[in-house]
Amino acid sequence: MSVRSHQQHPKVRNVFNLDFPNSDHLVKTLTVVTGPDMVNLTYHNFFAYKEKVTQNWAADILSIAYNPSRNNALDMDRLSLAVFISILSIYKMFPADKKRVEGALASAHLPKGKGDTMKPDIFTEAAFKLFLMSLCPRPEIYEIFTSYSAKAKPYMTKESLAKFVNEKQRDSRLNEELFPRFRPDQVKALIEKYEPCSSNSNRGQISPEGLLFYLMGPETSVVILDKLAKCQDMSQPLPHYLIKSSHNTYLTAGQFSGVSSPEMYRQCLLAGCRCLELDCWKGKPPDEEPIITHGFTMTTEILFKDVIEAIAESAFKTSQYPVILSFENHVDSVKQQEKMANYCKTIFGDMLLMDPLDKYPMKPGLQIPSPAELMGKILIKNKKGSHGKPSQACPKKTEESEQPIVTASAGQEPNQTGPTNPEDQCGTAGQEVTAYEEMSAIVNYIQPTKFISFDNSRKKNKSYLISSFVETKGESMISKTAVEFVEYNKRQMSRIYPKGTRMDSSNYSPQPFWNAGCQMVALNYQTMDFPMQHNMSLFEFNGRTGYLLKHDLLRRSDKKFDPYCERIDTIVANTLTIKIYSGQFLSDKSVKTGVEVEIIGLPGDPKKKYRTRWSTTPNAINPVWNEEPFVFEKILLPDMASLRVVVHEEGGKFLGHRIIPIEALQSGFQHICLRSESNMPLTLPALFVYIEVKDYIPAAFAGTVQLLSVPISRKRSVKSDNLQPYCPLSSSPLLEPSTVPCEELLQHKSFLKVTKRQEKDMKELEKKFQKKGEELIQKYSDTFKHDNKKQRLAILLG
């Protein structure tokens with residue numbers, strides 16, 4: 001869903017006379033755009049009596065749509081209902097088993113005739129929960145409950161619930177000093193919040209229903225909600241981030257005959273996309289308005305000006321961080337390039353970054369600004385020429401462009417099929433023209449250049465230069481020179497785009513390029529396939545800013561990283577265990593269902609895909625699997641890996657999915673709320689699972705680590721078995737180990753000796769670097785004097 005305060009629909013503009021001089025109607029209009037994806041959209045137009053009303057509605061609707069709790073917790077809250085609820089609408093909501101719906105209505109003491117209606121005071125929250133529990137029984141919850149409750153008791157005591165929470169819902173990797181176990185008062189608060197029976201609550205007891213409500217509450221969200229909020233450092237140089245990027249943003253369908261639309265730019269920006277592509281071509285007489293289309297294809301044309309207006313309107317609605325416009329510029333006309341530059345200046349206004357920041361001059365060896373320092377700014381990526389005066393002739397090859405200028409054949413229009421080479425995977429990207437003076441003036445920190453070699457880029461050391469690679473070239477570079485590519489991406493940016501043969505607008509997997517630190521991995525947003533689902537899921541984190549800080553290994557110049565490694569010395573690998581218990585409301589049909597689970601990460605991570613068996617009966621309302629857990633033993637770099645869960649019906653039809661980064665997963669019993677193909681939250685479909693994330697321990701050391709991690713419990717178990725500890729010097733019982741005060745340790749001779757040596761080493765290093773600094777100052781001082789002398793001599797001779 002998206003929201004706009006300005007209305008572009010011609011009919012609405014005409015009805016409300018929006019273009020009338022001095023009219024304030026435009027700022028009072030509101031459009032709510034809904035749909036299953038970014039292409040098939042429905043527009044709901046509203047007109048308010050005050051401008052402020054429109055702004056408040058737009059802000060509130062977006063805050064509801066992007067609410068992380070709403071999108072990641074199982075929705076047991078009924079909708080706010082103003083008048084009557086039709087029983088027929090409830091039958092339509094669950095069409096798979098009408099008899100089951102009828103029985104559930106009766107159990108909740110609600111009317112069950114298809115012609116009946118209910119008032120909100122009858123269909124209360126308690127009645128709604130009772131209806132859902134009758135419709136979707138949860139035998140697996142009772143099984144878990146009985147394993148912790150007192151024998152044959154219909155309740156779990158406060159102590160039993162505390163044991164359950166601390167043993168099952170707590171991440172075993174957490175330090176108990178920093179993250180203490182649940183206290184009795186916290187457990188009591190949970191019982192008071194979730195136990196529906198007041199007498200149980202007063203006695204500090206919880207029933208199976210109360211446990212179920214707890215497991216469906218925000219405390220047991222499968223995602224760590226803090227990770228969804230803006231939580232990363234945004235003050236590092238731009239190349240240190242992954243940037244949510246779109247390819248051929250204007251297209252709504254295929255690459256050869258699809259329809260182009262300015263609306264795609266709005267939808268991508270509202271989805272948090274921060275890098276958009278504009279394929280610019282020369283407009284036809286008499287207007288000679290620059291257009292956007294896919295060159296040498298049958299795709300439709302749209303005006304460059306309309307796209308700039310759409311971008312200006314939606315650029316900073318979802319994220320305040322910088323937007324990068326990647327121009328693939330084929331406009332070989334001074335006049336039309338001047339028009340493009342003027343549209344950017346006048347329509348974007350102060351949002352357009354015209355000049356480099358004083359603090360960040362564009363010089364070799366210096367980095368470019370951070371997302372935080374470029375907030376609210378639009379940057380233009382376009383080939384930059386070196387100019388005296390504008391020239392109709394093709395500009396000369398420059399040091400920075402490193403690429404000859406190629407233009408379309410004379411008399412050939414961009415939407416005519418040209419003599420393209422079917423083996424060429426790059427499309428028209430290599431046929432851009434260099435900017436003339438007006439366009440060059442608005443290009444600064446993002447300057448495209450043809451990639452020559454890693455060595456060439458390292459010698460130039462210009463962080464503002466960016467190279468684009470077709471996916472096949474990028475894959476080849478990663479497979480042959482992965483470490484060099486990672487180092488390149490620490491210093492400057494790269495952009496990856498789909499190969500030209502993807503005429504159906506399908507996408508490539510972005511993960512290998514993220515593993516190499518490629519910043520702009522551009523995908524076709526009109527196609528919601530698995531790569532696009534992965535992209536949308538990942539960038540949902542860090543507050544939907546469209547920027548994700550790369551891992552430390554992909555940023556630091558003093559560390560080398562090979563994506564193909566089998567072991568990383570500085571990182572503790574993880575083992576992830578997931579058990580699929582059951583599903584809820586997976587389909588509106590009576591079908592057998594199954595679940596597929598996999599890890600997406602480095603090449604060395606577990607590759608096996610696990611699948612459950614098909615559910616035993618055609619029941620999509622509450623299928624139960626309860627099979628053996630799936631174990632992904634060694635995840636090398638958990639911060640760069642994700643868990644993917646997909647649900648299919650027996651015929652293979654997609655029902656729902658979820659992709660969650662490993663670092664954002666909560667351990668314990670969880671409900672995974674599923675998403676649609678376009679990654680939109682589904683209201684009821686969910687999976688009930690048990691997840692455990694632990695530090696990876698090789699099997700040979702598992703027993704030793706277990707003994708070292710719980711020595712006290714080991715001692716207690718020995719005592720409970722009435723075994724006497726062996727002590728060769730005494731027959732007395734084993735004593736508790738004594739502790740030494742910290743002050744005494746600080747005075748220990750070994751500690752003092754190490755401290756003294758470190759102080760000595762530090763003084764020697766200070767002397768060494770002081771001497772080196774003085775030598776460098778002297779060297780450059782002599783060089784400066786020599787150059788000054790030569791300059792004066794040249795002036796005298798001249």
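Worth saying up front: this structure is predicted, and the values here are computed from it rather than measured. Below, each value reflects all heavy atoms present in this structure, side chains not excepted, and no hydrogens, waters or symmetry copies. Starting from 1, each residue takes its place in the sequence as its number.
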Practice prompt. For E596 and V645, run side-chain contact (heavy atoms from CB on, under 4.5 Å): C-alpha distance rounded to whole Å, both residues' side-chain angles, the deciding distance at 0.1 Å, then the answer.
Written response: CA-CA 6 Å; E596 182 178 284; V645 180; over 6 Å; no

Worksheet entry | Test side-chain contact (heavy atoms from CB on, under 4.5 Å) applied to Q666 and D171, step by step | CA-CA 7 Å; Q666 295 244 54; D171 192 326; over 6 Å; no

Discussion item. Run the ring pair (Phe, Tyr, Trp, His ring centres under 6.0 Å) test on Y488 and F451 for me, step by step, so that the C-alpha distance in whole Å, both residues' side-chain angles and the decisive distance to 0.1 Å come before the verdict.
Written reply: CA-CA 11 Å; Y488 171 91; F451 178 78; 5.7 Å; yes

Practice prompt. Might you work through the ring pair (Phe, Tyr, Trp, His ring centres under 6.0 Å) test for F485 and F469, ending with a clear yes or no?
Written response: CA-CA 12 Å; F485 205 5; F469 306 95; 5.6 Å; yes

Fill in: Trace of the salt bridge (charged side-chain N to carboxylate O under 4.0 Å, His left out) decision for E540 with K227
CA-CA 9 Å; E540 184 181 343; K227 298 282 186 182; over 6 Å; no

Worksheet item: When you look at F630 and L576, which way does the side-chain contact (heavy atoms from CB on, under 4.5 Å) test go after all the steps?
Response: CA-CA 8 Å; F630 302 143; L576 185 145; over 6 Å; no

Worksheet entry | Verdict with supporting geometry, L637 and H551, side-chain contact (heavy atoms from CB on, under 4.5 Å) | CA-CA 9 Å; L637 192 50; H551 192 276; 3.6 Å; yes

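The closest side-chain heavy-atom distance from P239 to I368 is below 4.5 Å. Looking only at side-chain heavy atoms (C-beta outward), H671 and V222 stay at 4.5 Å or farther from each other. Looking only at side-chain heavy atoms (C-beta outward), S678 and M38 stay at 4.5 Å or farther from each other. The closest side-chain heavy-atom distance from K694 to E692 is below 4.5 Å. In this structure, Y508 and P531 have side chains that are not in contact, with every pair of non-hydrogen atoms separated by 4.5 Å or more. Side-chain contact between L276 and I311 is present, with at least one heavy-atom pair separated by less than 4.5 Å. With contacts defined as side-chain heavy-atom distances shorter than 4.5 Å, the pair R544/S319 does not qualify. When side chains are defined from C-beta on, Y241 counts as touching M234, because their heavy atoms get closer than 4.5 Å.
Remark: the backbone N or O of L178 is paired with a side-chain donor or acceptor of N175 at under 3.5 angstrom. One N or O on the side chain of N542 and one on the backbone of C231 form a donor-acceptor pair closer than 3.5 Å. Side-chain N or O atoms of E633 include none that pairs as donor or acceptor with a backbone N or O of P606 at under 3.5 Å. A donor-acceptor pair under 3.5 Å is formed between the side chain of K550 and the backbone N or O of G517. Side chain of D37 to backbone of N40: a donor-acceptor contact under 3.5 angstrom is found. At least one donor-acceptor pair closer than 3.5 Å links the side chain of H657 to the backbone N or O of S676. With hydrogens and angles ignored, the 3.5 Å screen pairs no side-chain donor or acceptor of Q492 with any backbone N or O of N489. Although no hydrogens or angles enter the test, the distance criterion places a donor-acceptor pair under 3.5 Å between the side chain of T481 and the main chain of M477. With T575 contributing its side chain and K634 its backbone, the two residues share no donor-acceptor pair below 3.5 Å. A donor-acceptor contact shorter than 3.5 Å is absent between the side chain of S314 and the backbone of R266.
If you check the side chains of S505 and Q255, you find a donor sitting under 3.5 Å from an acceptor. Using a 3.5 Å distance cut-off with no hydrogens or angles, the side chains of S326 and K381 do pair a donor with an acceptor. Between the side chains of Q236 and R555, at least one donor N or O lies within less than 3.5 Å of an accepting N or O. Side-chain contact, Y497 with N248: no donor N or O sits under 3.5 Å from an acceptor N or O. Of the N and O atoms on the side chains of Q267 and E263, at least one donor lies less than 3.5 Å from an acceptor on the other residue. Using modelled atom types and a 3.5 Å distance limit, the side chains of E140 and S582 yield a donor-acceptor pair. With hydrogens and angles left out, the side-chain atoms of T527 and N507 include no donor and acceptor closer than 3.5 Å. In this structure, a donor-acceptor pair under 3.5 Å is absent between the side chains of D529 and Q533. Side-chain atoms of N619 and T617 include no donor-acceptor pair closer than 3.5 Å.
Salt-bridge annotation for K592 and E649: absent, with no side-chain N of the basic residue lying under 4.0 Å from a carboxylate O of the acidic one. Between D605 and K607 there is no salt bridge, since no side-chain nitrogen of the basic residue lies less than 4.0 Å from a carboxylate oxygen of the acidic one. Classification of R502 and E471 as a salt-bridged pair holds, one side-chain N sitting under 4.0 Å from a carboxylate O.
Closest approach of R491 to S463, counting heavy atoms only: O-CB, 3.3 Å. Of all non-hydrogen atoms in F513 and V521, the two that sit nearest each other are CB-CG2, 3.9 Å. Taking both residues in full, the closest heavy atoms of L379 and P322 are given as CD1-CB, 4.0 Å, listed atom of the first, atom of the second, then distance. Of all heavy-atom pairs between M264 and T249, the closest is CB-O, 3.0 Å. Minimum heavy-atom separation, N515 to F561: O-CE2, 3.6 Å. When all heavy atoms of T299 and G254 are compared, the pair lying nearest together is CG2-O, 4.2 Å.
Within the model, atoms CD of Q526 and CG of L251 stand 5.5 Å from one another, a figure rounded to the nearest 0.5 Å. Residue L212 holds its CG atom at 5.0 Å from CD1 of I141, rounded to the nearest 0.5 Å. Atom CG of residue L242 and atom CG of residue L538 lie 7.0 Å apart, to the nearest 0.5 angstrom. Remark: C273 SG to Y525 OH distance equals 4.0 Å, nearest 0.5 Å. Atom CD1 in I324 sits 7.0 Å away from atom OG in S245 (nearest 0.5 Å). One distance of note links CD1 of I672 with CD1 of I580; it measures 6.0 Å at 0.5 Å rounding.
The cationic group of K244 does not satisfy the cation-pi geometry with Y547, failing either the under 6.0 Å distance to the six-membered ring centre or the 45° limit from the ring axis. A cation-pi geometry, defined here as NZ or CZ lying under 6.0 Å from the six-membered ring centre and within 45° of its normal, does not hold between R274 and F539. Taking the centre and axis of the six-membered ring of Y581, the NZ or CZ atom of K579 falls inside the cone set by 45° and 6.0 Å.
Note: H534 and W514 meet the aromatic proximity criterion, with ring centroids under 6.0 Å apart. The ring of F316 has its center no closer than 6.0 angstrom to the ring center of Y321.
Around atom NZ of K608, no more than 12 heavy atoms belonging to other residues, nucleotides or ligands sit under 6.0 Å away.
Note on ring orientation: taking the six-membered ring where Trp is involved, the planes of Y250 and Y265 are parallel (angle under 30°, cut-offs 30° and 60°).
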